[in-house]
Engineer: 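One structure, as structure tokens, below. Some questions next.
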Amino acid sequence: MYIRAASNISPQNTFGNQPFLSELIEYNGDRLTCIEPDYKTLIDPKLTRRMSRIIKMGVAAGMDCLHQAGINAPDAIITGTAYGCLEDTNTFLSKMVQQNEEALAPTAFIQSTHNTISAQIALLLQCHRYNNTFVNGGASFENGLLDAMMLLYEGEASNVLIGGIDEITINSHAILKRMGLYRRKPVSNFELFNTPGKGTMAGEGSAFFLLSREASGNDWAKIDGVSSFYKPRNVAEIQQHIRTFLLTQNTDINEIGLLLTGSNGDLKNVAVYEQLLQYDFDNVPVINYKALCGEYPTSSAFAMWLAAHEIKNGVCSFVSSRNQIPLKKVLIYNHYQNIHHSLILLSAC
């Protein structure tokens, strides 16, 4: 399974022809928000007037990904999102209360459903093929990715557009912060792991990939396998899942050239990663990717973009030049609130 193209709108300068993370953006506070592009170059301005922020981010990343791949319309469009179009949902519910359920404008209601993003891309492309959205919390992107891979393996599609997307809104951030997910005191995303405490920094993003079963000769990376598991009882069970996953992919731990972890600076969250790194991956370079994008349920889509980009470059950008070795395999391990755990293995083409 090959990644032919990828596009990513995130809190870092990752969209378009930007130098690859040449200048990392520092955030101080409790959230990292996306750096949005000029949508006029990607979407008809008359259409963007009716699109909320998350829809514009999703459509822009999806269309840019297709443009990179040179494909007018994919055989399938799949998205994964935990929260969907929160801003539209909030607008609709607020106006319903304010206007006593009378004379409500339909736009916010129509665009409040989770499948709006994939539907908007299909409408713009006039694509009447397979279209699906997965809403499974912290496993939303992984389940969408598995669906895409099955379509390709079974010959139901030649290429699939798959994306993971979630947004921060004022209300959602306030609610989740009250639940203890985010830091009470301001912190820098670069100092997040040096000052572990209760909670982390909120994030958001929109990452899309064009997957193909056949190699094109100009692919970013190859997806060897994807696996997810739910509420493991202890670290030993997680270790067993990782060993079994690597065994099914005929890969030894020593072959992993880079490990991307979803460690986010929350004391409850980091303990799992620290034990794994100490016993299983002590000699592997590690990147805690959420320092770049923040915490959100589909952040593994950002991680897959980062892993694919590193493999495309051939070396790890976060390792000093004198310690560089050719990058052949990258493993992504993430868990969301220690409930949804996932593994994605990528390799060089």
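Residue numbers count from 1 along this sequence.
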Engineer: Measure from the side-chain N and O atoms of Y27 to the backbone N and O of P11, and report whether any donor-acceptor pair falls under 3.5 Å.
Structural biologist: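 Yes, because the side chain of Y27 sits within donor-acceptor range (under 3.5 Å) of the backbone of P11.
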
Engineer: Enter the distance from I117:CD1 to I54:CD1 here, rounded to the nearest 0.5 Å.
Structural biologist: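 Answer for the CD1-CD1 pair, I117 versus I54, is 4.0 Å.
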
Engineer: In terms of hydrophobic clustering (I, L, V, M, F, W, Y; side-chain heavy atoms under 4.5 Å; direct or indirect links), are I238 and I253 co-clustered?
Structural biologist: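 Yes, because I238 and I253 connect within a single hydrophobic cluster, where side-chain heavy atoms sit under 4.5 Å apart.
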
Engineer: For the hydrophobic clusters of this structure (ILVMFWY residues joined by side-chain heavy atoms under 4.5 Å, transitively), does one cluster hold both I9 and I165?
Structural biologist: yes

Engineer: How many angstroms lie between atom OH of Y289 and atom CG of N264, to the nearest 0.5 angstrom?
Structural biologist: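 So the gap between those two atoms works out to 9.0 Å.
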
Engineer: Atom OG in S227, atom CG in L146: separation rounded to 0.5 Å?
Structural biologist: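 Here the interatomic distance stands at 8.0 Å.
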
Engineer: Please confirm whether the backbone N or O of S52 pairs with a side-chain atom of E87, one donor and one acceptor, at under 3.5 Å?
Structural biologist: no

Engineer: What heavy-atom pair brings K290 and N334 nearest, and what distance separates the two atoms?
Structural biologist: NZ-OD1, 2.8 Å

Engineer: Any chance CG of D44 has more than 12 other-residue heavy atoms, nucleotides or ligands included, within less than 6.0 Å?
Structural biologist: yes

Engineer: With heavy-atom distances below 4.5 Å as the criterion, would you say the side chains of C293 and L32 are in contact?
Structural biologist: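 With C-beta onward as the side chain, the pair stays apart.
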
Engineer: Run the salt bridge (charged side-chain N to carboxylate O under 4.0 Å, His left out) check on D219 and K312 step by step: do they pass?
Structural biologist: CA-CA 8 Å; D219 301 302; K312 184 182 178 184; over 6 Å; no

Engineer: Mind checking whether L331 and L277 sit in one hydrophobic cluster, side chains of I, L, V, M, F, W, Y counted as touching below 4.5 Å?
Structural biologist: yes

Engineer: How about N269 and T200: do any of their side-chain heavy atoms sit closer than 4.5 Å?
Structural biologist: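 They are not in side-chain contact.
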
Engineer: Could you tell me the separation between the CG atom of L345 and the CD1 atom of I256, rounded to the nearest 0.5 Å?
Structural biologist: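 One finds 5.0 Å between CG of L345 and CD1 of I256.
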
Engineer: Which label fits W220 and W305: parallel for a plane angle under 30°, tilted from 30 to 60°, or perpendicular past 60°?
Structural biologist: tilted

Engineer: Is any side-chain heavy atom of K177 closer than 4.5 Å to one of L181?
Structural biologist: no

Engineer: Could you check whether any side-chain N or O of N288 sits under 3.5 Å from a backbone N or O of G262, counting only pairs where one atom can act as donor and the other as acceptor?
Structural biologist: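 Not a single qualifying donor-acceptor pair exists.
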
Engineer: Which pairs, with at least one residue in residues 38-85 and sequence neighbours excluded, count as a ring pair (Phe, Tyr, Trp, His ring centres under 6.0 Å)?
Structural biologist: none

Engineer: Taking the side chain from N159 and the backbone from L211, do they hold a donor-acceptor pair closer than 3.5 Å?
Structural biologist: no

Engineer: Would you sort out whether D266 and K268 count as a salt bridge (charged side-chain N to carboxylate O under 4.0 Å, His left out), showing the intermediate values?
Structural biologist: CA-CA 5 Å; D266 186 339; K268 292 192 301 182; 5.4 Å; no

Engineer: Measure across A308 and I3 and return the closest heavy-atom pair with its distance rounded to 0.1 Å.
Structural biologist: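 Between these two residues, the closest heavy atoms are CB-CD1, 4.0 Å.
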
Engineer: Tell me the ring pair (Phe, Tyr, Trp, His ring centres under 6.0 Å) pairs involving residues 251-273, sequence neighbours left out?
Structural biologist: Y273-Y333, Y273-H335

Engineer: Does this structure show an ion pair linking R53 with E36, if we count only N-O contacts that are shorter than 4.0 Å?
Structural biologist: yes

Engineer: Under a 3.5 Å distance rule, please check whether T14 uses its side chain to pair with a backbone N or O of N8 as donor and acceptor.
Structural biologist: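 It does hold such a pair.
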
Engineer: Does S172 reach the main-chain N or O of I168 with its side chain, forming a donor-acceptor pair under 3.5 Å?
Structural biologist: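 Absent.
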
Engineer: Look at atom CG of N218 and say whether more than 12 heavy atoms of other residues, nucleotides or ligands are closer to it than 6.0 Å.
Structural biologist: no

Engineer: Whether the side chain of Q68 engages the backbone of A5 through a donor-acceptor N/O pair (distance < 3.5 Å, no angle test) should be reported.
Structural biologist: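 Not a single qualifying donor-acceptor pair exists.
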
Engineer: For residues 178-187, pull every pair meeting side chain to side chain donor-acceptor pair (under 3.5 Å), keeping only residues two or more places apart or in separate chains.
Structural biologist: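 Every candidate side chain to side chain donor-acceptor pair (under 3.5 Å) pair involving residues 178-187 fails, so no pair, neighbours aside, qualifies.
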
Engineer: Please state whether the rings of H340 and Y230 are parallel, tilted or perpendicular, taking 30° and 60° as the class boundaries.
Structural biologist: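 The arrangement is tilted - the two ring planes meet at 30° to 60°.
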
Engineer: Tell me whether Q12 contacts the main-chain N or O of I25 through its side chain, where contact means a donor paired with an acceptor under 3.5 Å.
Structural biologist: yes

Engineer: Treating T169 as the side-chain partner and L86 as the backbone partner, does any N or O pair qualify as donor plus acceptor under 3.5 Å?
Structural biologist: no

Engineer: Say whether, by atom type as modelled, one donor and one acceptor occur between the side chain of T116 and the main chain of T113 under 3.5 angstrom.
Structural biologist: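 At least one qualifying donor-acceptor pair exists.
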
Engineer: Taking the basic N atoms (NZ, or NE/NH1/NH2) and the acidic carboxylate oxygens, is any pair closer than 4.0 Å for R213 and E154?
Structural biologist: no

Engineer: Measuring from M51:CE to D88:CG, what's the distance to the nearest 0.5 Å?
Structural biologist: 11.0 Å

Engineer: Would you indicate whether the side-chain heavy atoms of V330 and L260 approach each other to under 4.5 Å?
Structural biologist: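 Yes - at least one pair of side-chain heavy atoms lies under 4.5 Å apart.
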
Engineer: So, taking the atom named CG in D166 and the one named OG1 in T298, what distance separates them when rounded to the nearest 0.5 Å?
Structural biologist: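 One gets 3.5 Å once the value is rounded to the nearest 0.5 Å.
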
